[in-house]
Amino acid sequence: MNYSTTKSTQVSVPLSQCLLEGLASDGGLYIPKVFPHIGGFGKLTSIGDIGQALLTPFFQGDELEKSLRDILDESFNFPVQLKSLTSNLDLLELFHGPTQSFKDFGARFLAACLKRIPTKKPRMILVATSGDTGGAVASAFEGLKDHSVVLLFPELGISPRQKHQLTCWGSNVRSFAVQGTFDDCQRMVKETFASSELKSFSLTSSNSINIGRLLPQMVYYAWASQLVYGRSGNAANFVIPSGNVGNATACFWARKVGLPINHIRMAFNANATVTEYFKSGTYTPQKSKKTLANAMDVGAPSNLERLIHLDELKKASSTSNTPDPEIKKTILSVRQKYGITICPHTACGFHSIKDDGFNIWTVLATAHPAKFNDVIEPILGESVQIPESLGKLLSRPVKVETIPPSTEELISILKR
Ligand SMILES: *Cc1c(COP(=O)(O)O)cnc(C)c1O
């Protein structure tokens, strides 16, 4: 299979090239040229087997085709759990990876792919992060030969534990606290790409515009929808805490290839750009608002272009928005109702279905609550237990360079 872009059906490039480029040179986003029909997985039950059956057509003809199974085994080397909360409510826990958010799937998959594509120059992965992406990418690429990672994050406005996770890595990861906003960080990454100053490196982006982060996310929708369907005979309805809508895009793609998925709800925080799009039919990017669910503080969701292109938004799908006070109330009520502790992002998902008692939902838990102890502990009045993987990271020393929001300054440091 080859890939075209949201701007042109004429483009036709192999998967590896999409992974290396991130953003296509015509300014569009890479999308599969065709969506193969995959009815089901027969007797397959393990996530690795299902992933291989699902993604083989997407890798067909590419230099990575023969490595797909190894790539999957390396990236899905931690559990995914589907927990039944009531007879019509499931929780899909995606936070059991090394940095405790669902971003580990995409980051590890991308790293496992890139390390198998030969390079003449050392590769530099540039990441602007507002929360969880940076840690997942650093973890996935740490110690990888010929690869270095440059992380940019806003000095203020991320949780203390997220900050620790952005700054506790080995010598091939450099972390910069930018004295500015997330928008500044993104601009600096773009400007660094556009400049010709870092010619001795091959520059790559690992933000969720990179299709290498979306493909692996289809796998857990395939796995979970098969479980739900096998058990209940019903197609799954997913509630997806959303920001850049990369995770939701993977779900729409999984539905498009024929898996048993019915309704797709994107649960946002107070940032309502996509909800406005559903109402008006026109996309108007907005300035991002800061919320308690900070990894979803996105005003210009980059993957919306892929969803609009697919026309799938016209089929069973919806959005919801949850303001901060409701996030807090939901963390408490979910604890009282189901006895579980959820992160602020996952709370947006639960809040969106609180009046839907008759429907059957699978809510995604996108991050471990212990990453957001500063928000959750005052609400619940007790401390959140730290998983072993997070404990290990928190005991590592940190190193960080603080810089003004200037691309010139960044480039001059990187050249030294
Ligand atoms: C990134 C992130 C999201 C949003 O995912 P998108 O793919 O950007 O929509 C939701 N929850 C958590 C915890 C995240 O880290």
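Not measured: the values here are computed from a predicted model. Whatever order the structure lists ligands and atoms in, that order sets their numbers, starting from 1.
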Phe95 heavy atom under 4.0 Å from ligand 1: no

contact_flag Ala248 ligand 1 heavy-atom lt 4.0 Å: no

Side chain proximity check, Val80 to Phe95, heavy atoms < 4.5 angstrom: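 SC-SC contact between Val80 and Phe95 ruled out.
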
Ionic contact status for [Y] with [X], cut-off 4.0 Å:
| X | Y | value |
| --- | --- | --- |
| Arg335 | Glu382 | yes |
| Lys256 | Asp311 | no |
| Asp183 | Arg187 | no |

Asn210 and Arg213: CA distance, side-chain angles, deciding distance, side-chain hydrogen bond (donor to acceptor under 3.5 Å, both in side chains) verdict: CA-CA 6 Å; Asn210 196 312; Arg213 289 202 22 209; over 6 Å; no

Among all protein non-hydrogen atoms, which one is nearest to [atom], and what is the separation to 0.1 Å?
| atom | answer |
| --- | --- |
| atom 7 (O) of ligand 1 | Asn247 N, 2.9 Å |
| atom 11 (N) of ligand 1 | Thr366 OG1, 2.9 Å |
| atom 2 (C) of ligand 1 | Lys103 NZ, 2.4 Å |

Geometric class of the Phe59/Phe109 ring pair [parallel <30°, tilted 30-60°, perpendicular >60°]: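 The arrangement is perpendicular - the two ring planes meet at more than 60°.
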
Nitrogen or oxygen of Gly246 less than 3.5 angstrom from that of ligand 1: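 Yes.
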
Ligand 1 contact on Asp132 by region, counting heavy-atom pairs under 4.0 Å: side chain

